[in-house]
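Chain naming here is simple, since letters A, B, ... match the order of the sequence lines and numbering starts at 1 in each. Model, not experiment: these values are computed from the prediction. All values below come from the heavy atoms of this structure, side chains included, with hydrogens, waters and symmetry mates left out.
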Amino acid sequence: MTISADAVNKKFNIDTVENAAKTPDTELPWAELGLKQNEFDEVVKVLGRRPTGAELAMYSVMWSEHCSYKSSKNHLRQFGEKVTDEMKKDMLVGIGENAGVTNLGDGWAVTFKIESHNSPSFVEPYQGAATGIGGIVRDIISMGARPVAVMDPLRFGAIDHPDTARVMHGAVAGIGGYGNSLGLPNIGGEMVFDAVYQGNPLVNALAVGVMRHEDIRLANASGKGNKVVLFGARTGGDGIGGASVLASESFDDTKPSKRPAVQVGDPFAEKVLIECCLELFKGSLVEGIQDLGAAGISCATSELASNGDGGMQVELTSVLLRDPTLTPGEILMSESQERMMAVVTPENIAAFEAVMDKWAVEYSWLGEVTDTGRLIITWDGEVIVDVDPRTVAHDGPVYDRPYARPSWQDSVQADSFTGSVQDAGRPSAPAELAAAVTELVASPNMCDKSWITKQYDRYVGGNTAMAFPDDAGVVRVDEETGLGVALATDANGRYTYLDPYHGAQLALAEAYRNVATSGAVPMAVSDCLNFGSPEDPDVMWQLAEAIRGLSDACMVLGIPVTGGNVSLYNQTGTTPIHPSPVVAVLGKLDDVARRTPSGWKEDGQAIYLLGTTAAELDGSEWSNLRGHLGGLPPKVDLAAERALGEILINASRDGMIDSAHDLSEGGLAAALVESSLRYGVGARIALEDLLERDGVDLFTALFSESQARALVAVPRSEEVRFKDMCTARGFAHLRVGVVDAAGGQLEINGVETLSLDALREAHEATLPKYFG
Amino acid sequence: MPRIVVDVMLKPEILDPQGKAIVGALPRLGFTSFSAVRQGKRFELTVDGEVTDAILAQAREAAETLLSNPVIEDVVNVEVVEA
Amino acid sequence: MPRIVVDVMLKPEILDPQGKAIVGALPRLGFTSFSAVRQGKRFELTVDGEVTDAILAQAREAAETLLSNPVIEDVVNVEVVEA
Amino acid sequence: MTELPLIGEAAAAADASGARELAGARIGVVTFPGSLDDRDAARAVRLAGGTAVSLWHADTVLADVDAVVIPGGFSYGDYLRAGAISRFAPLMSKIVDAANSDAKLPVLGICNGFQILTESHLLPGSMIKNDHLKFLCRDQVLRVENNSTMWTSDYAAGQEITIPLKNQDGQYIADEKTLDALEAEGRVAFRYVGFNPNGSRRDIAGISNAAGNVVGLMPHPEHAVETGYGPESNAGTDGLGFFTSVLNKLVGGAK
Ligand SMILES: Nc1ncnc2c1ncn2[C@@H]1O[C@H](COP(=O)(O)OP(=O)(O)O)[C@@H](O)[C@H]1O
Ligand SMILES: [Mg+2]
């Protein structure tokens, strides 16, 4: 059904620029739209008059926290500043575009980004999570890339809270429902349960895409006379909820019809959009392209225009609508999904339309690129927006929000797990230790995640070389050479709560380690900073510290942040979530056939533990199981992480190891069990030398979460070479056991022998027990 | 046995991808008279015995709580059908 | 604008997995009066203008060919509803 | 660690081992809006030694192909019923005619392709939602019940193979009469072994038409054609036999 906005526009008494100039004293609902007095005053100053209703709509959404990063911008700068030339070497497109692009060599490039869809996923978990996948995938398409995989770091409330099942079922089904329908394999993610996320779950989504260098596209509108086109789904009243106060922009009594409280995703429309965009790129039919996400047309027009070399003029009644009652301001703000905007030269119009028709995608020509430097939007010919697009897209307010180390931080850090009430009766007898290992691997955060991952397609595309439960997801990029990428996402809200600076670094270190464990060379970082309210000085300090920590650590590890997302106001009432900087690291494998899986297979191979173990139980999963959170997180040693990474990468490249699994949450105990269960092959482990060398007891050796450690299985024939390499690099390595293919059990000296069947049962029973 | 029929539709302002796909397919099959399609759900609840007011009230409550998602759907109809 | 409503249900002899899940969930929520539940589909086709006999016939045909799969489903109802 | 063959090498190896003449066989792979595994199906054809030809749902002529694969995915979003809208694509009527003609065009429907074949009545029965109502992705063991079809002749009768399964609407149903007839005529081509992942009647994973040229199944052989990218059991290449079967049959038939 074609609803022409033109047919209904007469019922709006449109607030034109001319009208605005004549009626400076008109009351505008800027406060309802979320602008502060100083921000509204700034708009008036920029324009030299009061804004029209439509302009107010644009400024209010584009100057929101979500779009303008006004609280975080001053801190985020560090990601751009703390970079060496060496780090920039492979960065083809950096922060600022829809997603960063990294050079993979051989003419290949890769783009990836992580984003949040937290609050929509609490309101309506299925659709919130689904549209989260949809949004991040459009960012990837708009760079000119073919999306090739997705990941989903998740954080929900307590596993046994009655509302958690609702969120879990909905979000996982939504991520699967959308991602599976797009033909994108899910190659990894996270699942953390913690009561702090009860009223504010975190649903982050990552997408990765690949392209040839020549296909890289940027969001800019250049070339006077080039046409501006909107294509994909029709525009409805999605995501403008409270903004219906804008009805007053029409100074009309006709009430707008109801606006959707929730957005419903249409993965089929998006899949068609992907193919259709790739066909456009292949034919070089678009000059610039931009996805429509938050702030919809406001964002797309102002960003395209301000990144280009001129201006832009568009006619808003040409927008195809799903809801004919939308006012101009609402059309500008609408966040309807599955839409794209592009700039097309006049010569390419016919070819562009042929692609649209082939895929049965609706489109409408909205206007053209000009050389005026202004973004002019008309409604049936009357000018309703006349702005410098930079003032909308880039010159939003920036705040130096006050922050200070929270008054409670010292006492939290002083409250170590060791010696606490919760530490009473620490397991030490063989039977107690066996029970503790079993309890750990069955715990909500350490249990098997296949209840989730079996709802995701991991095979589609035929290029998935690793996914759940390995440390990193690995996708082949080039079928001829085997060139591929590895990705991991990590965050530890508990560590970051105890120490935001180091906690953020630990998130990076873990993702880096996971990527290196797979055999890939870490290359780039994307991050999604999930925090509470920036207006709370405690939270603002956490954010500032986390960004400082992350950017410092990137420098040391030599990998740049290429993009990301900030999600603030994650809190219930005045209680913020744990600061949760989710860090994604991307690495490169020259040949994915060389990837290293996380479990051992071959009987008799030597098992080595790389790195050293200290008594670091604060913030650990063990302390979590005992209900304790205090002290200091494990020590960060980025030089050691780098050295470990090099060992794992070289060992993989030279065929010195057959399996590698890094140590993270749950420490050595978790790693031993996971490496055994991976292929159902057990091991005989003796930790006496380790206890002696590192001066720790058996319990600590098993449950401490010291960093920069990994467990590898080395074929007998490679043992000398492997040890020599570690020695030459001065990296601690210790033979802790052998693979035992026949026994079906995990034998650890001093721990009652654990049967793999029993471990597997405990490990796999948890999620089904709570979620069916 | 009597049944209670519950009809649930997506709220009118919410995008209905299913209806959209159908309305796109209809003209290709020669069905050109329909300008829009929306797809919803129909539930048939079987009652053993007579449908009392209390049972009908239960059905209405189930319709609002379990059978529909009030965030995105409306219960458009609850009625008794004799078999 | 008038709409034509088409209701489609799985054939009675086919076990309906969604209905089964619902009938299992109802008693847990205190709805104990229903012995069986079946979930089907409801389509609303919008007609611009008057619903002529020809249009209604088209709707019936669309119901039998596209909107239902006669191997597993029955069209249980086609009716005109005025808006 | 075992060396994994790369796409390029594997194709070359197939050529070197005398499979070159198979490259003459042209296997069409149909793309509908919303198809997902079309590129995977084409890769499987290539790895088996054939030539993959892409076909577009809106084409009104069936290009000169020797066989057709209707791949998996969510054509038209699977919104109405899986396969319901695709069934009416112009190319489908050509495929149905060719499959039913004397030439007996070999047609393989995988997952969504199987659903399209049942909606088109090329194969009996239908698929409804999995009995557990969730999307399920797993490595699935199947038994090849009938190795005399165009797509199964390279397997031994009763052979057990492991290939990925991934779907939401995979529960195969048909009335008892149809099921009895399928069994009696040996048209149950594959059965789930060990675990019925979706409640399918009589553990049926795939069936064929009476002539054996049309085969449909829910699991995905095209995701088990290359070591390292399919199931971890065996070499992960248990699905390759579908594609070599039809190629061998075609070459055999032409001779
Ligand atoms: N929500 C999820 N989606 C997909 N994969 C997941 C999800 N949660 C966990 N996984 C996968 O489960 C495995 C174990 O997760 P985790 O213990 O967090 O790994 P690590 O400790 O190596 O970061 C990994 O392969 C991870 O990618
Ligand atoms: Mg790991």
Side-chain angles (χ1 to χ4, degrees), chain C residues 3-29 31 34-47 54-81, chain D residues 75-89 92-93 96 112 114-136 167-182 196-202 204 207 209 216 218:
Chain C
R3 282 163 300 148
I4 301 175
V5 169
V6 175
D7 290 313
V8 172
M9 299 297 291
L10 274 178
K11 287 185 190 297
E13 64 271 23
I14 294 177
L15 179 73
D16 163 24
Q18 309 190 77
K20 203 179 121 201
I22 296 167
V23 85
L26 284 169
R28 289 199 297 274
L29 301 174
F31 304 116
F34 312 105
S35 57
V37 178
R38 304 198 44 95
Q39 178 175 337
K41 295 172 187 158
R42 173 187 166 101
F43 303 93
E44 297 188 358
L45 316 181
T46 304
V47 177
I55 291 182
L56 196 56
Q58 253 196 28
R60 280 187 215 286
E61 206 194 319
E64 296 291 345
T65 53
L66 179 69
L67 302 180
S68 71
N69 175 353
V71 175
I72 50 169
E73 293 169 322
D74 292 325
V75 177
V76 297
N77 184 38
V78 179
E79 71 183 316
V80 182
V81 181
Chain D
S75 60
Y76 294 100
D78 269 9
Y79 290 148
L80 175 56
R81 292 180 309 282
I85 296 179
S86 301
R87 171 230 162 158
F88 293 101
M92 273 316 295
S93 61
V96 170
N112 198 237
F114 184 19
Q115 292 157 336
I116 294 171
L117 293 180
T118 60
E119 285 280 338
S120 312
H121 308 305
L122 263 179
L123 292 173
S126 184
M127 258 66 65
I128 60 172
K129 235 170 219 20
N130 295 341
D131 56 358
H132 49 80
L133 301 177
K134 290 197 193 72
F135 186 96
L136 176 63
N167 59 57
Q168 175 121 38
D169 299 280
Q171 180 175 180
Y172 180 73
I173 56 168
D175 57 37
E176 289 299 311
K177 218 175 98 220
T178 307
L179 292 171
D180 289 342
L182 286 172
N196 182 332
N198 46 33
S200 288
R201 299 295 172 277
R202 305 189 191 184
I204 291 174
I207 56 174
N209 67 350
M218 287 313 293

About how many Å separate CG of Leu66(C) and CZ of Arg81(D), when rounded to the nearest 0.5 Å? 6.5 Å
Under the side chain to side chain contact (heavy atoms under 4.5 Å, CB included) rule, what do Ile128(D) and Leu10(C) come out as? Steps first, then yes or no, please. CA-CA 10 Å; Ile128(D) 60 172; Leu10(C) 274 178; 4.2 Å; yes
How far does CE of Met127(D) sit from CG of Asn69(C), to the nearest 0.5 angstrom? 10.0 Å
Atom group of Asp175(D) that falls short of 4.5 Å from chain C, counting heavy atoms: neither
Using non-hydrogen atoms and a 4.5 Å limit, figure out which bit of Lys11(C) sits close to chain D: side chain, backbone, both or neither. neither
Check whether Glu13(C) gets within reach of chain D through its side chain, its backbone, both or neither, counting any heavy atom under 4.5 Å. neither
Tell me the closest heavy-atom pair linking Val71(C) and His121(D), and the distance in Å. CG2-CE1, 4.0 Å
Within this structure, what is the CD1-CG distance for the pair Ile173(D) and Leu15(C), rounded to the nearest 0.5 Å? 9.0 Å
Main chain of Asp131(D), side chain of Lys20(C): is a donor-acceptor contact present, judged purely on distance under 3.5 Å? no
